[in-house]
Amino acid sequence: MYIIPNGDDFVENIKTAYRSHTCGELRMAQVGQSVTLAGFLENFREVGAGLGFAVLRDFYGTTQVVCETEEMVKTFKAINKESTVQVTGTVRERDSKNPKLPTGDIEVVPTAVAVLGKCRHNELPFPVNRSREADEAARLKYRYLDLRNPDVKKNILLRAQVVAALRASMIDHGFLEITTPILTASSPEGARDYLVPSRKHPGKFYALPQAPQQFKQLLMASGFDKYFQIAPCFRDEDARGDRSPGEFYQLDREMAFAGQEDVFAVLEDVLPPVFAKYGAYDTASSAPFVRIPYAESMEKYGSDKPDLRIDLTVSDATGLLSDCGFEPFAGNTVKAVVVSDFAGTRKQIDKLCADVEVQAGNKAYWFRLDENGELVGGISKFLQEKKEAVIDALSLTPGCFVGLSAGKLGAAQKTAGVLVKTMGAFCPNHFKKEQYAFCWIVDFPMYEIGEESGALEFCHNPFSMPSGGLEVLKKAANGAVDPLTITADQYDLVCNGVELSSGAVRNHDPEIMVEAFQLVGLGEEDVKAKFPAMYNAFTYGAPPHAGIAPGVDRMVMLLAGEDSIREIIPFPMNKNAQDLMMDAPGVVTQAQLDELHIRVTETEE
RNA sequence: GGCGCGGUAGUUCAGUUGGUUAGAAUGCCGGCCUGUCACGCCGGAGGUCGUGGGUUCAAGUCCCAUCCGCGUCGCCA
């Protein structure tokens, strides 16, 4: 048994052709034994004419090797750092122990040293043990050196453990792991596809799946009951700090003869133990997670992904402030975020409001009720006449800060939501950071008026079952029901303000599908053309089914407490969707292009 | 595609109002050091100041263009 870097116990025989023990393994119990270690030469410290200390690092840890002869010192001095080295010697108790190291009680006195893989570079692109401080492009290009850093490697290890735990739990819950095709058909909905040219079919293309959406629904139609997959998904969209370009992984799930609560119950059972065990914080919400209807979430938190660790909420101040004489409020929706016991300075307030404006794209306004009960600062001069009403309506107490937003409903809500998160991040007394706070956002609208088209469009995805089914769609078609009020049995799982996953009760009935499409001006032919396999399959009878797909990368990111998605991906691409290490995308030979029937034209810059 | 920040030694950074030979730390090379663990001390080497153009007696510094990196908005059923 030995200890792997994050403290989990493994039982395994780690003796290999090149070593008897790992570099993280030796303790006082092995003193006196002859051992062989193999690892990377992390450092060599020469502290005297015939005394030096080498540090050997492998996956499991580091061990000190002590050189007590001039010859041995010379041997190690001649080896470039980061070379792989095999050391045979005797384990000895240290004269001066290092309590900071698991192996700090012992050292190895070498009798034989062999270089297994020579590092040809005596200057590295960055110091391995401080690679996180290096330029990110260099880290990505030399990712194999970056990953030697235990502080970088630990996130990849965490990812492996989280995936293993999720997989075990899913199997435990009766789910069957089924892989679905990577080379498949382009889907007309959603994100931009990655296309793969077909050699055998000139001019035709495969697409990499944006998600196994249709396949998992077809599995339900095929009679499988509970499916899951750690599924690679491909979308050709621009990157973000929390969104890798190109590809990512989902814990994809689907259940037959099941509804929303069945899907919730499984994740509420699967996720909290994983988060509590592997997360940076010990506390995770337990079942049932709070359910918040979409409309309520937008009104109360100004976001469809609220961070429930923040105890601030949005109040409506439209009637109260829209006629206070402050021009930007006139005729607009006005939202207020009241922050009690606010201790920020004037300068900090300006900075906070500027941050909100940058993020929300809308101006934020403010005033305070000072310790003497006076309205001061910001736009307070417009409020003096209705001071008592304002204090009463917003339940202000001395020391309160009030952040404000104004505009059309959506813009005012969104800006207020940014205010909530910004003020929360600034005020520790309103932000209980050390926990994982989950919630379900439910009852998403089925339709919306498209900003560009001005016409009715699907709000999220057309696969979702409208609440009320065929009946409500028919009423909407007759004009008896406003289609904008129709909600879908669709849900998001949100944790700490991060959208972890989207899911839905699917529309498994071809008749309802067609009706749903007709509301946005499409018909049966469009459904058949867009989703032929699913539509056909459903005409042979499909079980009602529902599912969800939490993003593995984002989950690991939350658990690791990292702000960049690249820190939890073994070989990430940069912002421009390039793999700097592999030099991808790259040019290919003319012969390859010919075989694929592709002619590359001059690209326009 | 828009906006913001950045690019100076192998690495991380400083560089004033445009003004002498562009600095520091770390790493590297050499020397000293017998218990270090970010070892310490002494010395040395190391620069296309992202690239191109311009203004100027003089540009790392000012102007224009461009490339690259990160963040953010658009985008992500």
Side-chain angles (χ1 to χ4, degrees), chain A residues 42-56 62-70 73 77-78 80-82 92-101 103-104 107 109 121-142 145 187-193 209-211 213-214 233-248 354-355 357-362 414 418 444 446 448 451-452 457-464 488 490 499 502-504 506-507 520 530-531 549 551 563-564 566 574-576 578 580 605:
Chain A
E42 179 164 285
N43 195 12
F44 183 69
R45 296 182 288 271
E46 186 192 6
V47 297
L51 182 66
F53 300 94
V55 179
L56 207 57
T62 58
T63 298
Q64 174 166 289
V65 176
V66 58
C67 303
E68 295 174 316
T69 64
E70 286 196 25
V73 167
K77 275 180 80 171
N80 277 343
K81 285 177 190 172
E82 294 303 324
R92 187 172 75 184
E93 183 175 2
R94 285 200 200 186
D95 277 0
S96 47
K97 298 181 177 178
N98 184 347
K100 285 187 278 187
L101 288 177
T103 60
E107 62 195 355
V109 187
H121 312 266
N122 57 7
E123 288 196 307
L124 301 168
F126 44 76
V128 163
N129 56 4
R130 303 183 68 172
S131 66
R132 290 189 59 131
E133 297 163 36
D135 176 64
E136 197 168 7
R139 292 180 62 194
L140 295 183
K141 181 169 180 184
Y142 301 96
L145 291 179
S187 159
E189 294 292 327
R192 205 175 283 116
D193 278 321
Q210 296 179 20
Q213 182 69 33
Q214 300 197 62
C233 305
F234 306 88
R235 295 178 193 175
D236 188 3
E237 297 293 346
D238 286 352
R240 284 290 181 278
D242 64 351
R243 196 170 78 203
S244 178
E247 60 186 69
F248 59 97
D355 289 350
E357 186 175 348
V358 167
Q359 254 199 72
N362 261 309
K414 185 183 162 192
V418 176
F444 276 82
M446 184 85 188
E448 66 183 352
E451 273 184 31
E452 280 177 29
E457 293 175 357
F458 286 112
C459 197
H460 287 271
N461 79 59
F463 306 109
S464 304
Q490 179 172 339
E499 183 191 321
S502 264
R506 319 297 177 186
N507 187 341
V520 297
K530 288 190 175 201
F531 317 108
D563 291 326
S564 166
R566 291 181 292 276
N574 70 3
K575 186 193 171 191
N576 283 326
Q578 293 166 299
L580 298 175
E605 287 301 324

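Each chain gets a letter, A, B and so on, in the order its sequence line appears, and its residues count up from 1.
For the pair A:N129 CG and B:rU26 P, the computed distance is 14 Å after rounding to whole Å. Atom NZ in A:K575 sits roughly 16 Å away from atom P in B:rC75 (whole-Å rounding). In this structure, A:L140 places its CG atom 16 Å from P of B:rC68, rounding to the nearest Å.
For A:R566, taking side-chain heavy atoms from C-beta onward, the closest of the listed nucleotides B:rG35, B:rG71, B:rC75 is B:rG71. The side chain of A:A137 lies closest to B:rG69, out of B:rG69, B:rU36, B:rC76. Closest to the side chain of A:N122, out of B:rC75, B:rC28, B:rC37, is B:rC28. For A:D238, counting side-chain heavy atoms from C-beta on, the closest listed nucleotide (B:rU12, B:rG10, B:rG74) is B:rG74. Residue A:R240 has its side chain nearest to B:rC75 when only B:rC76, B:rC75, B:rG35 are considered.
Ring to ring, A:F234 and A:F248 are not that close: their centroids are 6.0 angstrom or more apart.
At the phosphate of B:rG69, OP1 or OP2 sits under 4.0 Å from a side-chain N or O atom of A:N574. The shortest distance between the side-chain N/O atoms of A:R45 and the OP1/OP2 oxygens of B:rC39 is below 4.0 Å. Look at A:N576 and you'll find a side-chain N or O under 4.0 angstrom from OP1 or OP2 of B:rG69. Side-chain N/O atoms of A:K81 include one lying less than 4.0 angstrom from OP1 or OP2 on B:rC28. Note on A:N43: a side-chain N or O is less than 4.0 Å away from OP1 or OP2 of B:rC39.
Distance noted for atom P between B:rA65 and B:rA9: 26 Å (whole Å). The same atom, P, is picked in B:rU16 and in B:rC62; the two are 9 Å apart, to the nearest Å. Comparing B:rG69 with B:rG31, their C1' atoms sit 41 Å apart, to the nearest whole Å. Taking atom C1' in both B:rU21 and B:rU26, the straight-line distance is 24 Å, to the nearest Å. Using C1' as the reference atom, B:rU66 and B:rC73 are 24 Å apart when rounded to the nearest Å. Rounded to the nearest Å, the gap between the C1' atom of B:rA24 and that of B:rU8 is 13 Å. Atom name C1', nucleotides B:rG60 and B:rC70: the rounded distance is 22 Å, in whole Å. Atom P of B:rU17 sits at a distance of 33 Å from the matching atom of B:rG27, rounded to the whole Å.
In this model, a side-chain donor or acceptor of A:R94 finds a partner on the base of B:rU36 within 3.5 Å. Applying the 3.5 Å distance criterion, the base of B:rC73 shares no donor-acceptor pair with the side chain of A:Q359. Put simply, the side chain of A:E136 and the base of B:rG69 share no donor and acceptor less than 3.5 Å apart. A:E68 contributes no side-chain N or O that forms a donor-acceptor pair with the base of B:rU34 under 3.5 Å. A donor N or O paired with an acceptor N or O is found under 3.5 Å between the base of B:rG35 and the side-chain atoms of A:R92. Donor-acceptor pairing under 3.5 Å, judged by distance alone, is absent between the side chain of A:R235 and the base of B:rC76.
Comparing A:K100 and A:F126 by the nucleotide of RNA chain B that holds the closest heavy atom to each, the one mapping nearer the 5' end is A:F126.
Counting all heavy atoms, side chain and backbone alike, A:E237 lies closest to A:R192 at OE2-N, 3.0 Å.
In this structure, B:rG1 and B:rC73 make a Watson-Crick or G-U wobble pair, each of the two defining distances being under 3.5 angstrom. Base pairing of B:rG47 is not made with any nucleotide, judged by Watson-Crick or G-U wobble geometry with both donor-acceptor distances under 3.5 Å. Nucleotide B:rA25 forms a pair with B:rU11, judged by Watson-Crick or G-U wobble geometry with both contacts under 3.5 Å. Under the Watson-Crick and G-U wobble criteria, each requiring two contacts below 3.5 Å, nucleotide B:rA58 is left unpaired. Summarising the base pairing, B:rU17 is matched to no nucleotide, lacking a Watson-Crick or G-U wobble pair whose two defining distances lie under 3.5 Å. Summarising the base pairing, B:rC32 is matched to B:rG40 through a Watson-Crick or G-U wobble pair whose two defining distances lie under 3.5 Å. Across all strands shown, B:rG6 forms a Watson-Crick or G-U wobble pair with B:rC68, both key distances being under 3.5 Å.
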Mind running side chain to side chain donor-acceptor pair (under 3.5 Å) on A:Q210 and A:D193 for me, showing each step along the way?
CA-CA 7 Å; A:Q210 296 179 20; A:D193 278 321; 2.7 Å; yes
